[in-house]
Novice: 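The structure that follows is given in the form of structure tokens.
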Amino acid sequence: MSFTYETEIDNKMPFLDILSSREGEGFTTNIYRKPTFSGLYMNFYIFLPVNYKSGLILTLLFRIYSICSDWTKIHCEIGNLRNCMLKNGFPSNFIDRCIKLFFDKTFPPNIKSVVLTVPKKVIKISLPFMGKDSLKIKGNLTKLAKSYFPCCKIQILFNSGKRLGRFFSFKDKVPLN
């Protein structure tokens, strides 16, 4: 049986994805990348759902947040991630939205002014489905309801005005006499 080992160089030693550094009497950690790391991830313009693309960024952000030991290292690594994603064709505003989403989920706002103890009243609205415009209207109505009526929950239901069953009768008509 043989064992391998590494010795630290300049008070730093890589282990898996972590670069451990000895500083004073303690340790700090940062992301470790091999010298052959190319920065190649998925290209933004491949044919995949958008949630896969945002999931990649959110996963890498979670990795950074979990491994880095202080906020200056986290900030530096997020800048590295941002540059890497830009090289992979990701739009700047998409990357910024993912970063904001990650930190909003990690550190939710502390709202203690209003505490609702009563279940929200469900209001159902039925609208005709007209394609993408209907989805935009649904989003706008939901946002308005959340901001102006926090005690209500709006459910938008779509219906189709023209159904095949209205054009054809599936039952035989019974004569009147």
Side-chain angles (χ1 to χ4, degrees), residues 3-120 132 135-136 138-156:
F3 295 96
T4 61
Y5 68 94
E6 284 190 42
T7 57
E8 63 184 39
I9 301 169
D10 296 331
N11 292 333
K12 296 180 182 182
M13 184 164 46
F15 179 73
L16 299 176
D17 286 352
I18 303 170
L19 179 65
S20 297
S21 303
R22 191 165 27 144
E23 295 177 5
E25 293 185 14
F27 290 95
T28 61
T29 56
N30 200 3
I31 300 290
Y32 173 72
R33 293 183 188 87
K34 291 183 178 180
T36 58
F37 176 71
S38 64
L40 182 64
Y41 291 104
M42 77 169 75
N43 190 296
F44 184 76
Y45 297 104
I46 62 173
F47 188 68
L48 278 176
V50 176
N51 57 347
Y52 282 40
K53 298 168 187 176
S54 63
L56 170 66
I57 295 175
L58 293 173
T59 301
L60 293 172
L61 285 168
F62 180 77
R63 177 176 171 245
I64 290 169
Y65 180 72
S66 300
I67 292 175
C68 293
S69 59
D70 61 31
W71 286 105
T72 56
K73 293 181 185 333
I74 290 173
H75 182 72
C76 181
E77 285 299 328
I78 288 175
N80 292 339
L81 173 67
R82 194 171 194 294
N83 291 336
C84 189
M85 290 294 114
L86 288 171
K87 289 178 184 175
N88 284 287
F90 281 71
S92 180
N93 61 350
F94 183 81
I95 298 168
D96 293 339
R97 261 186 285 142
C98 290
I99 292 170
K100 182 182 180 320
L101 175 68
F102 175 78
F103 283 109
D104 285 348
K105 284 184 176 181
T106 306
F107 303 106
N110 194 3
I111 300 173
K112 293 184 179 180
S113 60
V114 177
V115 177
L116 299 176
T117 58
V118 179
K120 292 184 176 184
K132 289 181 181 179
L135 298 175
K136 288 180 185 176
K138 177 182 178 180
N140 291 339
L141 284 175
T142 305
K143 285 180 188 176
L144 285 171
K146 280 184 182 179
S147 60
Y148 290 108
F149 305 107
C151 59
C152 298
K153 180 180 178 185
I154 302 291
Q155 284 186 346
I156 309 291

Novice: Any idea which heavy atoms bring Cys98 and Leu58 closest together, and the distance?
Specialist: O-CD2, 3.4 Å
Novice: Counting distance only, does the side-chain N/O of Ser66 pair as donor-acceptor with the main-chain N or O of Arg63 below 3.5 Å?
Specialist: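 Pair absent, no side-chain N/O of Ser66 close to backbone of Arg63.
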Novice: Starting at NZ of Lys138, measure out to CD of Gln155 and round the result to the nearest 0.5 Å.
Specialist: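 CD of Gln155 is found 9.0 Å from NZ of Lys138.
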Novice: Closest heavy-atom contact between Met13 and Thr7?
Specialist: SD-C, 4.5 Å
Novice: Under the side chain to side chain contact (heavy atoms under 4.5 Å, CB included) rule, collect the residues that match up with Asn93, sequence neighbours excluded.
Specialist: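 Testing Asn93 for side chain to side chain contact (heavy atoms under 4.5 Å, CB included), a comparison that skips the adjacent residues, returns Pro91, Arg97.
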Novice: Check Ile31 against Ile64 and note the closest heavy-atom contact, atom names and distance.
Specialist: CD1-CA, 4.0 Å
Novice: Roughly how far apart are Arg82 CZ and Asp96 CG, rounded to 0.5 Å?
Specialist: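 These two atoms lie 4.0 Å from each other.
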Novice: With distance as the sole test, does Lys53 use its side chain to make a donor-acceptor pair with the main-chain N or O of Ile46 at under 3.5 Å?
Specialist: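 At least one qualifying donor-acceptor pair exists.
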Novice: As an exercise, state the distance from CG of Leu86 to CD1 of Ile95, rounded to the nearest 0.5 Å.
Specialist: 4.0 Å
Novice: Going by ring-ring contact (aromatic ring centres under 6.0 Å, His included), name the residues that satisfy it together with Phe44, two or more places apart in sequence or in a different chain.
Specialist: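 Result, ring-ring contact (aromatic ring centres under 6.0 Å, His included) vs Phe44: Phe90, Phe94.
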Novice: Hey, can you pull the donor-acceptor pairs under 3.5 Å for the side chains in residues 100-108, sequence neighbours left out?
Specialist:
residue	atom	partner	partner atom	Å
Lys100	NZ	Asp104	OD2	2.6
Thr106	OG1	Phe102	O	2.7

Novice: Working to the nearest 0.5 angstrom, can you tell me the gap between Met42 CE and Met85 CE?
Specialist: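 Separation between the atoms: 8.5 Å.
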Novice: To the nearest 0.5 angstrom, please state how far the CG atom of Leu135 sits from the CG atom of Asn140.
Specialist: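 Result: 11.0 Å between the selected atoms.
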Novice: Has the side chain of Asp10 got a donor or acceptor atom that lies under 3.5 Å from a matching backbone atom of Lys12?
Specialist: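 Not confirmed, Asp10 side chain does not pair with Lys12 backbone.
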Novice: Shortest non-hydrogen contact from Leu19 to Pro14?
Specialist: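 The pair with the smallest heavy-atom distance is CD1-N, 3.9 Å.
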Novice: Starting at CD1 of Ile57, measure out to OH of Tyr41 and round the result to the nearest 0.5 Å.
Specialist: 11.0 Å
Novice: Just by modelled atom types, is the Gly24 backbone N or O under 3.5 Å from a matching donor or acceptor in the Asn11 side chain?
Specialist: no
Novice: Of Leu16, Ile18, Ile74, Asn30, which meets side-chain contact (heavy atoms from CB on, under 4.5 Å) against Ile67?
Specialist: Ile18
Novice: List the residues meeting side chain to side chain contact (heavy atoms under 4.5 Å, CB included) with Asp70, not counting sequence neighbours, and say none if there are none.
Specialist: Thr72, Lys73
Novice: What's the shortest heavy-atom distance between Tyr45 and Gly89, and which atoms?
Specialist: CE1-O, 3.4 Å
Novice: Would you please name every residue forming a side chain to side chain contact (heavy atoms under 4.5 Å, CB included) with Tyr52, sequence neighbours left out?
Specialist: Leu48, Pro49
Novice: Taking only residues two or more places apart in sequence or in another chain, which ones pass side chain to side chain contact (heavy atoms under 4.5 Å, CB included) with Leu141?
Specialist: Leu127, Ile137, Ile156
